[in-house]
Amino acid sequence: MLRQDRSLVENLFSQGHIKVLVCTATLAWGVNLPAHAVIIKGTQIYDAKRGSFVDLGILDVMQIFGRAGRPQFDKFGEGTIITTHDKLSHYLTLLTQQNPIESQFLESLADNLNAEIALGTVTNVEEAVKWLSYTYLFVRMRANPLVYGISHKVFQMDPFLEKHREQLVIEVGRKLDKTRMIRFEERTGFFSSTDMGRTASHFYIRYNTIETFNELFDAHKTEGDILAIVSKAEEFEQIKVREEESEELEHLIDNYCELPVAGGVENGYGKVNILLQTYIGRGEIDNFSLISDSAYVAQNAARIVRALFEVALRKRWPAMTYKLLNLSKVIDKRLWGWASPLRQFSILQPNVLTKLEEKKLTIDKLKDMRKDEIGHMLHHVNIGLKVKQCVHQIPSITMEATIQPITRTVLRVRLSINPDFKWNDQAHGTVGEPWWIWVEDPTNDHIYHSEYFLLQKKQVVTKEQQFLVFTIPIFEPLPSQYYIRAVSDRWLGAEAVCIINFQHLILPERHPPHTELLDLQPLPITALGHREYEALYKFTHFNPVQTQIFHTLYHTDTNVLLGAPTGSGKTVAAELAIFRVFNEYPTSKAVYIAPLKALVRERMEDWKLRIEEKLGKKVVELTGDVTPDMRAIAEADLIVTTPEKWDGVSRSWQNRSYVQKVSILIIDEIHLLGDERGPVLEVIVSRTNFISSHTEKTVRVVGLSTALANARDLADWLGIGQMGLFNFRPSVRPVPLEVHIQGFPGQHYCPRMASMNKPAFQAIRSHSPAKPVLIFVSSRRQTRLTAIDLIAFLATENDPKQWLNMDEREMDDIIATLRDSNLKLTLAFGIGMHHAGLHERDRKTVEELFVNCKIQVLIATSTLAWGVNFPAHLVIVKGTEFYDGKTRRYVDYPITDVLQMMGRAGRPQFDDQGKAVILVHDIKKDFYKKFLYEPFPVESSLLEVLSDHLNAEIAAGTITSKQDAMDYITWTYFFRRLLMNPSYYNLEDVGHESMNKFLSNLVEKSLIDLECSYCIEIAEDNRTIEPQTYGRIASYYYLKHQTVRMFRDRLKAECSVEDLLSILTAMLDVAAHHGWLATVLNITNLVQMVVQARWIHESSLLTVPNIEKHHLYLFRKWNTGKRMNNSEDMTGPIECLPELVDACGGREEIFFSLVDNELSAAHVSQAWNFVLNLPAIDVQMTIKGWWEDPVQTHNEISIPIIFPGVQEKKWISLHADQEYVLQVNLHRIRSGYKKGKQDSKAIAPKFPKAKDEGWFLVLGEVDKKELVALKRVGYVRNKNTVSIAFYTPENTGRCIYTLYLMSDSYLGMDQQYDLYLNIIPASVSAQVNTEVAASVGDLLLK
């Protein structure tokens, strides 16, 4: 019956309109319709599975009888059972005695065990046996063993059924192993999940179905075959052929089945096939039982076809994958693949669609037609627009692929995807459109790479181009072409193909062999010949690598490139080269460049101790965090810095003598040349070579890196002959390394990470149960999630605190000092966390505990691999992707990072081998297998940022013409690689002619970019290049030229604060260059807000440490009564910082009395320290210049400070259009006098690094909103005099200039003074001075 008919009968019966209801047994379970009397007529029912009649189960009888008696109307109910005579006693006993419920779990044990293995909760027989003990089956097996085939004797010998459960598990394990759903090693009892098993578990496919698939499914089936296979799935077992349906099924075959039906009407699977095809063809079915069967078939078939699609994708069969993806969409949409894709839109009428199909109008044709043309073809003019809109809503993308050979066997593909359709929320939803993208080789019928890609709504609307980067293998001889195919996951007829052509591909040169490690006698440290140097080392002999390179580094001046795996003592090599400078060239400097601040910090901590304290040499750190003054740098013997900072410093090498004094440049991790920050390293070395070719004084360059593939190119570029090149194999490690790579499936990042936790725990248990372990994850959140999961696994062990190697009470004391709540929890179990979000002290605590082996496991973000050298016995890299905020998706770590993390495995002094376990996304497993053992070639990434570096050289005056720019490129590493691997850089052939053309186009393009950004000007002759102010600003502040262009385009004469939340101080210069007063003041306010982490409209009192909004009432209620008698000038509440300073008058007890009832003593003293150090500056001004008036023979006038609305204004006469100098005397008033050196650092508790207090002096004319002059002033220690040159206006009359003294660190401490000027006619004799003035005019730009 149909649903609505059933509902009608149910309603009539429940409302009492009909007295008798005749129904099937299922009604008793489904609907609650109580009655007074219930009659069971006959107890035999037909069981489709067995194909015969069986007795009604007692549960059914109980349920049916339960419907007798209506609680609100009857006192009792009546139940009657009518059955055959022989069954009567059977039912009587069942009714009078309670029967236990038995477990049916054994039937589906295989499916359930597979699901647990796929989840990772069960990994071996022992765990599976334990898992069974949680089931109801186990409870019943012990209570009633005979039902489950366990003899009494067996039960007595093994009361907990350990053996029996193990037997069950092993049997099921063998079954699953046979169908390839898991891999089961009987010897060790380990289970590991396979793609097939995970797919089965994910799509809820039964074991028998998988068995059927394995038997029937291969790479060359037609759609008809696929439907036949799906129909044989175990899920459809219960669909039986009923006599009365065969006629209608025959009718359905004739009308709706487009594909041949295997099995015909007589068989169950034939019936399933017919119903599925009818469902797709939207056929009409009359028979009610067929309607319900059809719904069941459709639901399950969609799921099974999706599962088959996953299987085909995992098996890498392209044609099959494509067919199955299409088939699954055909079932979802109920449309055959050959129907018009427009049928997916419900708003188009069927007759229109039929006409479109008859006229064979494809989507591509329709896209090219106008709406009125479409209307005419369909004889329905108005419909054209609707059709056209629908055509443009069908998802479509265009793809372009560029290929770059990395080695002769690996290609990197960069795929750009452009969305090309209109987004409509009704059709597409609000999230995004999913696509499958794969690379197929048509000749070998194989997929080399596949991924799931979500095109976000925003990206479609803004037509934003998306990029995918992946690697695929290539083989020699080169195939003719590969296809990249993109198919929509939801829409029929939405797909795109892009061809990768190998015709013009030039493979890179083969790499030269590695340096062999010679079998030398280890060199004793006495070879240094210096007692002080020897005292710096704890060991007595150098290791083999250091021994082999010792002579070259310590006794010669040749450039050196050392490629050796992490952990082979490269730092010592750097020290040898530095000692040589100390010995031979004591007046010159050594510069050590490390790519990360963390590395610089680590080297500083070490060298401050060893080189500065023990050798008495000056070591100076130069990073974004720490900028020492010129004197410190000039006196330093060793400068430790980051590439960006050194690039910024050496850009103006002509006028910085200390840059010219450098005699050695040591670059650590030089293989990061291929990274996104690589260009900076490239520029530094190219510039160094350039400088030494100009100054005739060679600078020695020493490069340190991991083992390289193309070391020869790097060596050529660094100017190294055969003697200075040492490139050892990756295997030459002092401690050998054993690497395990495991792949994990899953499209989505977080669940995939979660599935790695159990394997990580097992890796620790098997590889390093008692030695230190480092786990690298990609984010702070992952450190927490991983730690919490590991604790959960520990909780099931006998000793949950096994990783804690110290007394628990001691640990409790340490925990009490921590700030981070998660860390408090994890450290108690011996698990540390380490990431940038931790407080400095927490981080140090964790580091110490781990280094001293008090805790065994440390979970860290990937940056730790570079920063701090904590070797461990076992390193686990948990996932090799991180979330990239720019592109809003997960991207891979550079391979160098993974190598670096692995390099932390194996502690030279304790272990004889290290272990690394790398858990990756399964599709990347092959790539990592290849490159973790083969060194990775380093390519240049200078191309993307060439314009910025050219701009820097132009601003510095090194490049003055296009020819110079061409020469400059030939110094770079990029030029070396261009010759070796031309295809990587899109150069089609290496002939002299095309090379020149390629380079000059490059230079042209970069220079035009720079000219568009107002950074340079190309002269009339189209050869010489002039730097511009913007170019200098970009170079000085280290900004991209696009940024400066944005400033110039976006900064206007009146900018609000919100507009300015980008890069501040450079904007200040740009705004000053234009003379925009309001913008300059807003930018300085913004600088203050950023430093103090408070908004300017909030009370400036909130910048005092520990004072929050709810404390402000304390200051408001402060009033007379508590006053000292002599303070008559200030009454009323305190609203801002200067009032607070004034009220306290430098006396702590006044401040204390204000806040003591709200804050603790420690907090009060912290706050008072801030108040005490606030800069109160006294300002006095004079104007110097020349007056014609004989009365004023003197040439300076002091300016009285006029308070608003008090005295009358005194106007000062100045000549028009003439230069004057405003001299400002700044005097710091100390409120609380403290002896000792004053600290020039501003107090900014929220700002991440130490900041020097400084000031901006801004002179402007408010009425015209114009800035006259801007001057930066450093820290005012006591007194400071600043001169500001300015021109008076050309027009005579009165005007008011305002001088602003703006802090760059504090909110609410700014001052402003008005200068009342009376401009009198220009003097004749003043004209003579204009020449002098022109030379000073430059001050305005400074």
Nearest heavy atoms of [X] and [Y], plus distance in Å:
{"X": "Ala307", "Y": "Thr199", "result": "O-CG2, 3.5 Å"}
{"X": "Ala486", "Y": "Ile437", "result": "CB-CG1, 3.9 Å"}
{"X": "Leu308", "Y": "Leu324", "result": "O-CD1, 3.5 Å"}
{"X": "Leu113", "Y": "Ala128", "result": "CD1-CB, 4.0 Å"}
{"X": "Ile182", "Y": "Phe191", "result": "CD1-CD2, 3.6 Å"}
{"X": "Trp423", "Y": "Gly429", "result": "NE1-O, 3.1 Å"}

[X] (side chain) donor-acceptor with [Y] (main chain) under 3.5 angstrom:
{"X": "Gln344", "Y": "Leu492", "answer": "yes"}
{"X": "Lys758", "Y": "Thr121", "answer": "yes"}
{"X": "Ser201", "Y": "Ala118", "answer": "no"}
{"X": "Glu357", "Y": "Ser340", "answer": "yes"}
{"X": "Asn267", "Y": "Gly263", "answer": "yes"}
{"X": "Thr179", "Y": "Glu211", "answer": "no"}
{"X": "Asn300", "Y": "Tyr296", "answer": "yes"}
{"X": "Asn444", "Y": "His446", "answer": "no"}
{"X": "Gln404", "Y": "Tyr984", "answer": "yes"}
{"X": "Lys232", "Y": "Leu216", "answer": "no"}

With no hydrogens and no angle check, just 3.5 Å: does a side-chain donor-acceptor pair link [X] and [Y]?
{"X": "Asn424", "Y": "Gln393", "result": "yes"}
{"X": "Gln466", "Y": "Ser416", "result": "no"}
{"X": "Trp438", "Y": "Glu440", "result": "yes"}
{"X": "Asp789", "Y": "Thr786", "result": "no"}
{"X": "Glu235", "Y": "Thr209", "result": "yes"}
{"X": "Asp111", "Y": "Asn114", "result": "no"}
{"X": "Tyr749", "Y": "Ser778", "result": "yes"}
{"X": "Lys178", "Y": "Asn214", "result": "no"}
{"X": "Gln742", "Y": "His740", "result": "no"}
{"X": "Thr123", "Y": "Glu127", "result": "yes"}

Salt-bridge present ([X], [Y]; N to O < 4.0 Å):
{"X": "Asp195", "Y": "Arg198", "result": "yes"}
{"X": "Lys457", "Y": "Asp425", "result": "yes"}
{"X": "Asp218", "Y": "Lys221", "result": "yes"}
{"X": "Asp892", "Y": "Lys924", "result": "yes"}

Atom [atom1] in [X], atom [atom2] in [Y]: separation rounded to 0.5 Å?
{"X": "Thr194", "Y": "Arg314", "atom1": "OG1", "atom2": "CZ", "value": "10.5 Å"}
{"X": "Asp293", "Y": "Ile239", "atom1": "CG", "atom2": "CD1", "value": "4.5 Å"}
{"X": "Asp489", "Y": "Lys329", "atom1": "CG", "atom2": "NZ", "value": "7.5 Å"}
{"X": "Gln481", "Y": "Cys498", "atom1": "CD", "atom2": "SG", "value": "10.5 Å"}

Is it true that, when you exclude [X] itself, more than 12 heavy atoms of the residues, nucleotides or ligands shown sit nearer than 6.0 Å to its [atom1]?
{"X": "Phe502", "atom1": "CZ", "answer": "yes"}
{"X": "Glu400", "atom1": "CD", "answer": "no"}
{"X": "Arg414", "atom1": "CZ", "answer": "no"}
{"X": "His392", "atom1": "NE2", "answer": "yes"}
{"X": "Arg334", "atom1": "CZ", "answer": "yes"}
{"X": "Lys458", "atom1": "NZ", "answer": "no"}
{"X": "Lys360", "atom1": "NZ", "answer": "no"}

Ring centroids only, cut at 6.0 angstrom: are [X] and [Y] within range, meaning strictly under it?
{"X": "Trp317", "Y": "Phe217", "value": "yes"}
{"X": "Phe421", "Y": "His428", "value": "yes"}
{"X": "Tyr448", "Y": "Tyr482", "value": "yes"}
{"X": "Phe309", "Y": "Trp436", "value": "yes"}
{"X": "Trp491", "Y": "Phe345", "value": "yes"}

Please tell me if the side chains of [X] and [Y] come closer than 4.5 Å, counting only heavy atoms from C-beta onward.
{"X": "Glu310", "Y": "His202", "answer": "no"}
{"X": "Leu785", "Y": "Asn757", "answer": "no"}
{"X": "Trp336", "Y": "Gln277", "answer": "yes"}
{"X": "Val877", "Y": "Val875", "answer": "yes"}
{"X": "His921", "Y": "Thr880", "answer": "no"}
{"X": "Met756", "Y": "Arg752", "answer": "yes"}
{"X": "Trp435", "Y": "Pro395", "answer": "yes"}
{"X": "Ile274", "Y": "Tyr256", "answer": "no"}

Compute both the distance and the angle, then confirm whether [X] meets the cation-pi test with [Y]: under 6.0 Å from the six-membered ring centre, within 45 degrees of the axis.
{"X": "Arg485", "Y": "Tyr322", "result": "yes"}
{"X": "Lys175", "Y": "Tyr207", "result": "yes"}
{"X": "Arg303", "Y": "Tyr204", "result": "no"}

(request) Tell me, with the steps shown, if Val272 and Leu227 meet side-chain contact (heavy atoms from CB on, under 4.5 Å). (result) CA-CA 9 Å; Val272 172; Leu227 285 182; over 6 Å; no
(request) Take Ile304 and Phe236 through the side-chain contact (heavy atoms from CB on, under 4.5 Å) test and state the conclusion after the steps. (result) CA-CA 11 Å; Ile304 294 168; Phe236 302 127; 4.0 Å; yes
